[in-house]
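Presented below is the structure to which this report refers.
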Amino acid sequence: MAEPLFLLFGMLLCGLLLHIMSQHGATVNKSSKKPNFIIILADDIGWGDLDVNQPKAKTNNTPYLNLMAEQGLRLTDFHSPASTCSPSRAAILTGRYGLRNGVTHNFAVDSVAGLPLSEVTLPQLLQKAGYYTGMIGKWHLGHNGPYRPTNRGFNYYLGIPYSNDMGCTDIPGYNLPQCFPCGRYGLEVFRLKKNVHKGCYSKVGLPLIENSSIVEQPLDLWTLTEQYKSAAIRIIHNAREQGKPYLLYLALSHMHVPLAPPLPSDLPSSTYHSDDVNVYISSLQEMDNLVGAVKVASDDTDKDNTLIWFTGDNGPWEQKCQYAGNVGPFIGKWQTSRGGGSAKQTTWEGGHRVPTIAYWPGRVPANTTSSALLSGMDIFPTLLSLAGVIPPSDRHYDGIDATNTLLHGEQNGHEFLFHPNSGAAGTFGDVQTVRTGKHKAFYITGAAEACGGSTGRQQLHDPPLIFDLNYDKSEETPLDVRSPEYQAVAERISRQREKLLWDIATDKSVSTADYSKNKAAAPCCDPKQAVCRCHMQG
Ligand SMILES: *[C@@H]1O[C@H](CO)[C@@H](O)[C@H](O)[C@H]1NC(C)=O
Ligand SMILES: *[C@@H]1O[C@H](CO)[C@@H](O)[C@H](O)[C@H]1NC(C)=O
Ligand SMILES: *[C@@H]1O[C@H](CO)[C@@H](O)[C@H](O)[C@H]1NC(C)=O
């Protein structure tokens, strides 16, 4: 009876099953799809610059990052692998300490080489695994020939070769663009080229590089943020259109001097300097805005398949005073009371504890924090693990796979984390400080300049100074050397330090960076052109 009805029922059931199956298929595809990665690396940012790291301060400078933290995981005990630029970036991209990858201090404008070519980089491995890899921003790992980003694993590059205060700037190391009142050189060039931005000369002699060509020089700091933003959004959309998973490494100029926040449009430029503290805050807000735009672009395209990892390359550049960031409670009192800085270039907490957020809707639990002891070196093994890529086994790595901390609330981090000397010449890269649990031991102190110009005397410590960070965040009072607590920790730390040094000494894949210089190695579209300002005018 009613055969047609039966048939109809069968068809319906079949359709339903197909529907369920196709839905199921999509789910399977989704989870086996390789995730996208966005690494956002801020420059010289302070742990305390992130509002949510210091709720009591009741600041509202980083609303987009606060939101990202509320929708993701805030890592409160996360450390840049070094306390200065090139070594930190090299360690992030290789998962190895500077003593292994060879990069122990900064490259210069006229450096011939960069990150040793024997090193294998994260983008290189992801690119090989089918990723589209794009980089925007400051590279600082070599700007010539084979050392360029596009030869180290990136499909695309737009950015500046080193820090925004380096190279052909009018006044090297300056803090603000030369607005009115201009410095001598700024005024001269201002008259020469009539390059006006709201009455200011806003360009620096740096080259902006796309892939391997200079596309702008001098560079306009006021348009750089917009250029980075639109390039980042373009990369996210293009990768999506190509149907490829992608890595976007966005290495911001913020918060490194010179700071060039938007000028209040109705303000005569001569008043620009009158409220200097606001310059840093305006820049911070500008950076936060940029991060927000990247997050929105990512949310609009492949939201539940994209991990955004925000962190910093080292702590604030304290000698820049009101143009430097906020270290929060990590003020390094032992050092500051003896003169000298305790942030960037040092291994006091302010030098390497950086604001860090991992955001991945649906995968990283929302509104959570973790105090696992982690490092920028962990980005390398973690992203590779999430992408299902196994790094070459012919070398030793120092980063750990933090997948379970990110996705499953596990609290295990490094049992021992070593902080390299990033400030005292002669011993660059050496294990200066060792962290284990709540304890931190110093073998060397000193070296960085404080706001005001004083520099602490460089000192070796044998036995080491040991602080209890749970109880003494400002690193003020070391433990009594005779206490049983000190004895036990010192013994463990010393053994582990020896172990690491031995491991490095016997690591056959240790690289050596070539730090030689040559004037011709400075990138410049035309050294004879005044506008390039590779040579100071006047
Ligand atoms: C799912 O994966 C299979 C095999 O990898 C592929 O052929 C198919 O096109 C994918 N489906 C979707 C909707 O992406
Ligand atoms: C940069 O390189 C990529 C990859 O080779 C290429 O698609 C793109 O067109 C290049 N861009 C420029 C401006 O040369
Ligand atoms: C996030 O957590 C905090 C503190 O645990 C809580 O006050 C806040 O309401 C939470 N926010 C959301 C969006 O759940």
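One-based numbering, in listed order, for ligands and for the atoms of each.
Side-chain contact check for P420 versus L99: every heavy-atom pair is 4.5 Å or farther apart.
Within 6.0 Å of atom OH in Y397, more than 12 heavy atoms from other residues, nucleotides or ligands are found, so the atom counts as buried in its surroundings.
With hydrogens left out, the protein atom closest to atom 4 (C) of ligand 3 is N367 ND2, 4.7 Å, a heavy atom. Protein heavy atom nearest atom 13 (C) of ligand 3, with residue, atom name and distance: E70 OE2, 3.2 Å.
For W317 and Y323, the distance between ring centers is not under 6.0 angstrom.
Within a 4.0 Å radius of atom 9 (O) of ligand 3, the protein contributes no heavy atom.
When each of W334, Y443, F467 is tested with H461 by the rule ring pair (Phe, Tyr, Trp, His ring centres under 6.0 Å), just one qualifies, namely W334.
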